[in-house]
Amino acid sequence: MRRILVTGALGQIGSELVPALRDRYGADRVVATDVRMHTFSTDGEAADREAADGDGPFAYVDCVHIRQIADVVQRYDVGTIYHLAALLSAVAEERPREAWDVNMGGLYRVLEVAREHACAVFFPSSIGAFGPSTPRDQTPQDTIQRPTTIYGITKLSAELLCDYYAQRFGLDTRGLRLPGLISYVAPPGGGTTDYAVQIFHQALRYQHYTCFLRADTCLDMMYMPDATRAMIELMETDASRLLHRNAFNVSAASFTPAQLADEIRLHVEGFAMDYDVDPVRQKIADSWPDSVDDRAAREEWGWEPEWDLPSMTRDMLHNLRLRLGSAS
Ligand code: NAD
Ligand code: AKB
């Protein structure tokens with residue numbers, strides 16, 4: 001089996017996807033890469049700053065530099081790339097030019113290297129690829145997509161670019177439109193759905209959280225173990241079953257900040273939440289669907305979420321209590 005490369009591997013998703021891939025395929029089969037470093041020596045070119053971090057190979061790769069991607073793909077005989085590197089929605093809105101360069105430039109270079117070396121590519125799109133004119137409830141798989149954020153514009157363009165490489169060059173590109181992801185291993189990287197992670201930390205530390213979205217802002221969410229499993233299952237599916245290769249709607253739960261706070265309150269006595277709405281992130285959230293229809297994913301490759309709001313909340317609090325050393 002040729003190796004797997006993960007870009008942006010030290011982020012919220014990569015911190016759990018890399019271990020999940022290593023458990024499944026073997027530690028030395030999965031090369032983690034990022035522009036941040038676990039460990040590195042300061043001499044030599046950036047692309048050569050490389051370390052085996054004990055769990056498996058790690059290399060510095062800035063995905064806007066095609067040579068750095070190509071070197072690692074060649075050196076490790078990579079056959080599949082999970083391309084996670086990107087700027088998330090709130091950060092992208094602050095730095096739109098960088099967001100375009102990293103999100104589009106990075107994907108374009110990954111696809112070019114994949115074409116050269118016949119690699120399969122996984123691309124994580126987002127509910128951000130939809131916009132205010134998209135049907136809001138149970139958003140269909142195939143529908144109007146006119147995103148109004150730079151993040152959404154890069155995600156929609158990326159979906160189309162992945163389709164193009166599949167149709168034009170026969171590249172095996174696949175992807176998911178992920179909802180907001182909730183996890184306790186690594187912090188979220190600057191998105192609109194980050195409140196749904198921060199709330200757990202603050203609830204345990206201070207029994208209080210000030211939310212930057214309005215109480216009634218409904219968005220699709222998913223627990224990270226479901227998300228990493230979905231990515232691996234999609235990439236393992238026989239290609240002949242896939243009609244929507246690059247942008248499957250997937251969902252596990254859909255809720256508002258007020259509903260999440262009520263669920264946490266069942267486990268954290270006295271937890272209180274107030275609101276200090278951030279107009280930028282609220283506007284982004286208001287342009288996204290309340291919930292998506294993921295029947296295409298269920299029918300074409302058997303997608304089935306395992307975690308709902310109550311089970312995810314229990315597990316998050318349990319694991320964070322262990323991490324904070326206050327198990328009770
Ligand atoms: P994150 O911000 O936590 O991590 C992104 C990683 O990319 C970081 O470690 C960062 O150092 C790295 N990076 C940034 N610029 C880079 C570059 N030029 N070259 C290489 N690496 C670079 O993001 P995440 O939450 O892990 O998301 C990963 C992907 O999944 C992104 O494409 C994101 O849009 C998508 N996604 C995430 C969510 C979510 O809720 N986390 C939801 C939908 C889609
Ligand atoms: C963000 O809020 O930017 C991400 C996403 C849903 O794409 N979590």
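As the structure lists them, so they are numbered: ligands from 1, and atoms in each ligand from 1. Keep in mind that this is a model prediction, so the values were computed, not measured. The first residue of the sequence shown is numbered 1, and numbering continues consecutively from there. All heavy atoms count here, side chains included; hydrogens, waters and symmetry mates do not.
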What protein heavy atom sits nearest [atom], and how far away is it?
{"atom": "atom 21 (N) of ligand 1", "value": "A85 CB, 3.3 Å"}
{"atom": "atom 13 (N) of ligand 1", "value": "V35 CG2, 3.8 Å"}
{"atom": "atom 8 (N) of ligand 2", "value": "T193 OG1, 2.8 Å"}
{"atom": "atom 32 (O) of ligand 1", "value": "K155 NZ, 2.9 Å"}
{"atom": "atom 29 (C) of ligand 1", "value": "L84 O, 3.1 Å"}
{"atom": "atom 4 (O) of ligand 1", "value": "G11 CA, 3.2 Å"}
{"atom": "atom 3 (O) of ligand 1", "value": "Q12 N, 2.8 Å"}
{"atom": "atom 15 (N) of ligand 1", "value": "V102 CG1, 3.8 Å"}
{"atom": "atom 23 (O) of ligand 1", "value": "L88 CD1, 3.2 Å"}

Which ligand 1 atoms does [X] reach within 4.0 Å, using its non-hydrogen atoms?
{"X": "L10", "result": "9 (O)"}
{"X": "P179", "result": "40 (O), 42 (C), 43 (C)"}
{"X": "A86", "result": "5 (C), 7 (O), 31 (C), 32 (O)"}
{"X": "L178", "result": "42 (C), 43 (C), 44 (C)"}
{"X": "D62", "result": "17 (C), 18 (N), 19 (N)"}
{"X": "G189", "result": "2 (O), 3 (O)"}

Heavy-atom closest contact ([X] atom, [Y] atom, distance):
{"X": "P57", "Y": "D28", "answer": "CD-CA, 3.9 Å"}
{"X": "Q12", "Y": "P187", "answer": "CB-O, 3.6 Å"}
{"X": "I127", "Y": "P179", "answer": "CG2-CA, 4.0 Å"}

Measure [X] to ligand 1 on non-hydrogen atoms and call it side chain, backbone, both or neither using the 4.0 Å cut-off.
{"X": "S15", "result": "neither"}
{"X": "V61", "result": "backbone"}
{"X": "S125", "result": "backbone"}

Is Y151 close to ligand 2, meaning an N/O of one under 3.5 Å from an N/O of the other? yes
What orientation do W301 and F248 show, parallel under 30°, tilted 30 to 60°, or perpendicular over 60°? perpendicular
Proximal candidate to atom 5 (C) of ligand 2 [heavy atom criterion; set P179, P124, S126]: S126
Contacts of D34 meeting salt bridge (Lys or Arg N to Asp or Glu O under 4.0 Å) (sequence neighbours excluded), chain-then-number -> none
Is the backbone of [Y] close enough, under 3.5 Å, to the side chain of [X] for a donor and an acceptor to pair up by distance?
{"X": "T210", "Y": "D276", "value": "no"}
{"X": "R177", "Y": "F130", "value": "no"}
{"X": "Q141", "Y": "A247", "value": "yes"}

Looking only at distances, please establish whether an N/O atom of ligand 1 is found under 3.5 Å from an N/O atom of [X].
{"X": "C63", "answer": "yes"}
{"X": "L87", "answer": "no"}
{"X": "I13", "answer": "yes"}
{"X": "L181", "answer": "yes"}

Counting only heavy atoms from other residues, nucleotides and ligands, does the tally under 6.0 Å from CD of E236 exceed 12? yes
Surrounding OH of Y108 (heavy atoms of other residues, nucleotides or ligands, distance under 6.0 Å), is the total greater than 12? no
Do F122 and M1 belong together in a cluster built from hydrophobic side chains that touch within less than 4.5 Å? yes
Distance to the ring centre below 6.0 angstrom and angle to the axis at most 45 degrees; does that hold for R3 and Y76? no
Do H244 and N249 get their side chains close enough for a donor-acceptor pair, meaning under 3.5 Å? no
Checking side-chain polar atoms at under 3.5 Å, does Y223 have a donor or acceptor matched by the opposite partner on E306? no
Among D278, I284, L219, which one satisfies side chain to side chain contact (heavy atoms under 4.5 Å, CB included) with L213? L219
Sort out for me which residue in V31, I13, L21 forms a side chain to side chain contact (heavy atoms under 4.5 Å, CB included) with V6. L21
I need the atoms of ligand 2 closer than 4.0 Å to a non-hydrogen atom of T192, numbered in the order shown. 1 (C), 2 (O), 3 (O)
Contact atoms of ligand 2, heavy-atom distance to S89 under 4.0 Å: 1 (C), 2 (O), 3 (O)
Answer yes or no for Y151: is there a heavy-atom contact with ligand 1 below 4.0 Å? yes
Answer yes or no for D34: is there a heavy-atom contact with ligand 1 below 4.0 Å? yes
